[in-house]
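Shown next, in structure tokens, is the structure this report addresses.
Everything quoted here is computed from the prediction, not taken from an experiment. One-based numbering, in listed order, for ligands and for the atoms of each. By convention here, the first residue in the shown sequence is residue 1.
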Amino acid sequence: MGPSYPADVPPPPVVPAMDTVFTQLGLTDALAHAVQKMDYAEPTPIQQQAIPLVLAGRDVIGSAQTGTGKTAAFALPILQRLDRHGPLRCLILEPTRELALQVEQAFRDFGKFTNLRVTVIYGGVGYGRQREDLQRGVDVVVATPGRLLDHLEQRTLTLRGVNVLVLDEVDRMLDMGFLPDVKRIVQQCPRERQTLLFTATLPPEIESLAAWVLRHPVTVAVGRQRAPAETVSHAFYPVVGSQKFDLLRTLLERTKFESVLVFCRTKMGADRVAAWLKTHKHSVAVMHADRSQSERQEALAGFKAGRYEVLVATDLAARGLDIAGVTHVVNYDVPENPEDYVHRIGRTGRAHHTGDAFTLVTEESVRDARSIERFIGRAIEWKKLEDFPYVYSALFEERTLAAEDAAKPASRLHRGLRR
Ligand code: AMP
């Protein structure tokens with residue numbers, strides 16, 4: 001059963017029918033009208049990506065900084081989903097009073113042609129107005145964690161009806177030591193909810209917080225986060241399936257590496273690659289979800305300490321790993337989700353050391369490879385290893401490679417490995 005709506009609130013004002021880029025994104029006339037009044041001509045990239053996802057009820061991780069238009073990216077679709085005035089259903093946590101005020105104002109501006117109500121709660125001021133607003137009934141609370149907890153303790157508000165939770169500027173909240181407060185607050189929200197998490201950076205603590213608060217999130221990245229690997233040189237290596245392992249072995253032989261992270265799509269695949277590498281005299285550890293916690297810890301500790309030169313892992317096990325000094329990442333399998341590529345590659349080249357990223361591309365995975373290029377917004381160089389006894393693949397055909405992007409140089413396949 002949905003929430004009950006108080007009957008004693010005025011209906012929202014009538015607005016003209018709109019046909020703008022914002023309505024085309026799925027937003028209502030009331031919201032498109034408000035946005036027009038604010039002179040937004042076009043959605044920003046994060047708005048373009050996030051608005052349909054939030055409208056569809058998805059959990060989202062937005063890696064974006066202030067200044068990208070991220071407030072509207074979450075506020076507009078949230079207001080639309082709230083629809084009309086009712087009980088408290090949306091909580092937004094902000095690290096500072098200034099940000100909380102700013103976001104509250106944005107909600108007011110965007111919600112001007114709705115009858116939704118918003119209030120802001122932060123410390124360092126009296127409780128009077130905040131209590132009055134809560135008593136009067138609001139749909140959206142924008143709050144800093146400390147004062148919100150005070151209100152929860154005093155029972156001036158309850159989060160039982162919250163079905164949209166936004167954790168904004170999470171990296172700053174963590175820097176400010178708010179993690180325990182944030183966790184306590186999340187625990188008071190119903191499990192059945194939509195959660196949006198915004199952060200400019202995704203260090204391991206945030207990845208594990210995200211794993212805890214979000215359900216099947218979609219990652220939306222803008223700005224620098226979309227291409228985190230500026231210190232990494234990446235390349236695609238086309239190869240037929242049956243030669244993948246030989247190519248990996250040869251790549252490792254010819255590469256001066258200290259520590260290599262090899263990603264596989266499946267647990268079985270990871271075990272198999274690890275076993276093969278062992279027979280070729282590499283010291284190897286494996287991490288995936290079927291290994292026990294102690295095995296995983298041992299693998300990771302051994303890899304970090306340099307006892308193993310190669311760590312073979314699945315995405316699941318590798319999420320949130322903070323491994324300094326990984327010199328190379330090999331995608332033995334192309335990740336299905338382009339954002340996983342960025343995560344995987346982000347494991348190397350940390351702290352501005354350069355690292356290399358190799359991705360083996362077979363005919364079956366060429367589509368996924370193309371979506372990675374689209375996702376990161378640039379073409380990745382395709383390379384062939386010199387003197388490797390390649391079995392022919394249609395992928396080697398210039399026209400196959402160039403088909404979807406005629407602008408790229410035709411001879412890129414013939415460049416040798418630099419090292
Ligand atoms: P934010 O990143 O949410 O802090 O937004 C940064 C600034 O960009 C704010 O002043 C917004 O009002 C403004 N802004 C957000 N979206 C748009 C848009 N689509 N067009 C023009 N300005 C925008």
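In terms of polar-atom proximity, A41 is not counted as a contact of ligand 1, lacking any N or O under 3.5 Å from an N or O of the ligand. Considering backbone and side-chain N/O atoms, Y40 comes within less than 3.5 Å of an N/O atom of ligand 1.
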Step by step, work out the salt bridge (Lys or Arg N to Asp or Glu O under 4.0 Å) result for D133 and R117. CA-CA 9 Å; D133 277 0; R117 292 180 185 163; over 6 Å; no

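Atoms of ligand 1 found under 4.0 Å from any heavy atom of E42 (numbered from 1 in listed order, with element): 18 (C), 19 (N), 20 (N). Of all atoms in ligand 1, numbered sequentially from 1 with element shown, those under 4.0 Å from a heavy atom of K70 are 1 (P), 2 (O), 3 (O). Residue T71 approaches ligand 1 through these ligand atoms, each under 4.0 Å from one of its heavy atoms: 1 (P), 3 (O), 4 (O).
A cation-pi arrangement, defined by a distance under 6.0 Å to the six-membered ring centre and an angle within 45 degrees of its axis, is present between R147 and Y127. The side-chain tip of K383 does not point at the ring of F236 from less than 6.0 angstrom away and within 45° of straight on.
Taking the six-membered ring wherever Trp is involved, the centroid distance between the rings of Y237 and F358 falls below 6.0 Å. Taking the six-membered ring where the residue is Trp, the centroids of F74 and F198 are separated by under 6.0 Å.
Heavy atoms of Q47 found under 4.0 angstrom from ligand 1 belong exclusively to the side chain.
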